[in-house]
*Asks:* 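Before I ask anything, let me first share the structure, which is written out below as structure tokens.
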Amino acid sequence: MAATRIRQPIERNIAMELVRVTEAAALSAARYMGMGNKELVDQAAVDAMRFTLGSVPMDGTVVIGEGEKDEAPMLYIGERIGDGSAPEVDIAVDPIDGTTLLSKGLPGAIAAVALSPRGTMIVPRETAYMNKIAVGREARDAVDLDASVEDNLKNIAEALGRRVQEVTVVVLDRPRHDQLLADIREAGARVKLITDGDVAAGIQAALPESGVDVLMGIGGTPEGVLTAAAIRCIGGAIQGKAWPRNDAEREAAEAAGLDLDRVYNTEDLVGGEDVFFSATGASSGELLNGVKVLGGGAETYSLVMRSRSGTIRWIDSQHDFTRLDKIRFEG
């Protein structure tokens with residue numbers, strides 16, 4: 001049975017508390033930037049994010065995390081987090097979106113977390129990937145995941161008041177996208193390839209004047225839900241459809257009752273009247289600057305949003321490592 005949607009708004013702006021969570025994850029992970037160890041990067045971010053989330057006044061359940069309980073000691077799916085007080089919320093976390101990027105010292109890694117009322121994040125977990133299309137506010141009614149690439153691009157261009165040749169599509173650079181790239185180029189649109197990090201790319205597609213107009217292609221299902229949370233705050237639209245990687249995953253998904261033809265829209269993935277999102281740059285990219293290490297401290301750059309008010313904040317912060325470590329290890 002599907003989870004009951006809860007429409008009651010949350011009374012305080014938790015977004016301003018979530019930024020401490022993503023800052024902590026980015027700061028901890030960035031200490032291992034370029035060392036070539038993605039597991040170390042991820043563990044540092046998970047530890048810091050879990051510690052900070054634990055102090056937030058809320059009764060949270062992790063619906064997108066590091067995996068099942070037997071795979072992840074912290075931030076596992078189903079873990080209860082926060083101090084146990086109201087409100088009751090769903091939480092989606094990506095301690096570092098782009099662990100490979102950060103471990104190699106490449107740009108574009110971010111720490112991200114989203115929150116919505118309990119029972120409002122719907123995650124088709126039976127498939128690890130989904131086919132997605134994401135756009136900003138002006139083109140939110142112009143996309144249809146079941147339509148052709150050419151038709152989508154024509155409709156997006158019309159909604160934006162441009163020619164197709166003036167539309168930029170961001171796509172993950174993967175062999176599975178060879179046909180998609182051919183179709184985009186045949187339609188005449190511009191292509192921006194990325195190696196990792198489609199949460200940041202989806203957010204850019206929704207933000208005005210970002211230089212990116214649409215995200216297309218197959219990426220992680222959890223990342224799709226996080227992107228939907230951000231788009232709920234910005235305005236715009238994302239659509240996604242489960243994408244089984246092989247026959248075994250397809251059969252398992254069908255056996256579990258997943259409708260592989262269903263197209264999930266933004267509100268399907270993240271419902272409720274009040275959605276919160278925070279991201280902090282770990283390594284500098286086009287969406288956010290990364291952690292800037294200074295003598296005895298660092299600067300961070302974050303994007304914090306709330307759907308109910310539509311407020312988007314860009315937050316620059318300075319941190320003192322000596323004081324932060326004392327709070328963490330002695331607090």
Side-chain angles (χ1 to χ4, degrees), residues 18-19 21-53 62-77 79 81 91-114 123 125 128-130 132 170-177 193-204 215 217-227 229-230 245 277-293 298 300-303:
L18 295 183
V19 71
V21 175
T22 55
E23 285 175 347
L27 283 165
S28 293
R31 295 187 182 194
Y32 304 105
M33 176 176 169
M35 294 187 178
N37 189 332
K38 60 182 293 186
E39 287 76 21
L40 185 60
V41 163
D42 187 56
Q43 191 61 59
V46 169
D47 290 346
M49 185 171 277
R50 177 62 178 82
F51 176 84
T52 313
L53 276 170
V62 177
V63 298
I64 292 176
E66 293 296 284
E68 303 298 331
K69 185 176 182 179
D70 59 350
E71 300 171 355
M74 292 192 299
L75 295 180
Y76 57 83
I77 296 169
E79 182 177 2
I81 201 164
I91 300 171
V93 302
D94 197 339
I96 292 293
D97 179 41
T99 53
T100 298
L101 296 175
L102 189 57
S103 69
K104 293 182 176 180
L106 295 172
I110 64 171
V113 62
V123 188
R125 292 195 184 92
Y129 290 85
M130 61 167 42
K132 312 171 198 175
V170 62
V171 181
L172 277 169
D173 189 7
R174 300 287 188 273
R176 62 179 178 261
H177 289 147
L193 288 174
I194 57 172
T195 58
D196 289 283
D198 67 344
V199 174
I203 294 171
Q204 280 189 281
L215 167 77
I218 297 155
T221 296
E223 289 82 356
V225 178
L226 274 161
T227 303
R245 289 172 290 181
F277 180 89
S278 177
T280 299
S283 59
S284 290
E286 294 188 19
L287 177 66
L288 286 163
N289 287 328
V291 174
K292 182 184 295 185
V293 178
T300 57
Y301 309 89
S302 303
L303 170 62

*Asks:* To the closest 0.5 Å, what do you measure between CD (Glu66) and CD1 (Ile77)?
*Replies:* 9.5 Å

*Asks:* Could you report the tightest heavy-atom contact between Ala229 and Phe277, atom names first, then the distance?
*Replies:* CB-CD1, 4.4 Å

*Asks:* Under the 3.5 angstrom rule, does the side chain of Ser284 hit a backbone N or O of Gly290 as a donor-acceptor pair?
*Replies:* yes

*Asks:* Give me the atom names and distance for the closest heavy-atom approach of Ala25 to Ile96.
*Replies:* O-CD1, 4.4 Å

*Asks:* Return all side-chain donor-acceptor pairs below 3.5 angstrom for residues 99-110, not counting sequence neighbours, or 'none' if the list is empty.
*Replies:*
residue, atom, partner, partner atom, Å
Thr100, OG1, Lys38, NZ, 3.3
Ser103, OG, Thr99, O, 3.2
Ser103, OG, Thr100, O, 2.9

*Asks:* Going by side-chain contact (heavy atoms from CB on, under 4.5 Å), name the residues that satisfy it together with Val93, two or more places apart in sequence or in a different chain.
*Replies:* Met49, Leu53, Leu75, Ile91, Pro95, Val113

*Asks:* What's the verdict on side-chain contact (heavy atoms from CB on, under 4.5 Å) for Leu172 and Ile218, showing C-alpha distance, side-chain angles and the deciding distance?
*Replies:* CA-CA 8 Å; Leu172 277 169; Ile218 297 155; over 6 Å; no

*Asks:* Does the side chain of Leu40 reach to within under 4.5 Å of the side chain of Arg31, using non-hydrogen atoms?
*Replies:* no

*Asks:* Give the minimum heavy-atom separation between Leu215 and Ala201, together with the two atoms involved.
*Replies:* CD1-CB, 4.2 Å

*Asks:* Can you tell me how far apart CG (Asp94) and OG1 (Thr22) are? Round to the nearest 0.5 Å.
*Replies:* 11.5 Å

*Asks:* Who passes side chain to side chain donor-acceptor pair (under 3.5 Å) against Asp198, sequence neighbours left out?
*Replies:* Lys132

*Asks:* Please indicate whether Tyr301 has more than 12 foreign heavy atoms, meaning atoms of other residues, nucleotides or ligands, lying under 6.0 Å from its OH.
*Replies:* yes

*Asks:* Applying side-chain contact (heavy atoms from CB on, under 4.5 Å), run through Ile81 and Arg50 and close with a yes or a no.
*Replies:* CA-CA 8 Å; Ile81 201 164; Arg50 177 62 178 82; 3.3 Å; yes

*Asks:* I need the Thr52 OG1 to Leu27 CG distance, nearest 0.5 Å.
*Replies:* 9.5 Å

*Asks:* Measure the spacing between CE of Met74 and CZ of Phe51 and express it to the nearest 0.5 Å.
*Replies:* 11.0 Å

*Asks:* Without swapping roles, check the side chain of Arg176 against the backbone of Gly217 for a donor-acceptor pair under 3.5 Å.
*Replies:* no

*Asks:* Drop me the distance from Arg174's CZ to Ile194's CD1, to the nearest 0.5 angstrom.
*Replies:* 8.0 Å

*Asks:* Using 0.5 Å steps for rounding, measure from the OG1 atom of Thr221 to the CE atom of Met130.
*Replies:* 4.5 Å

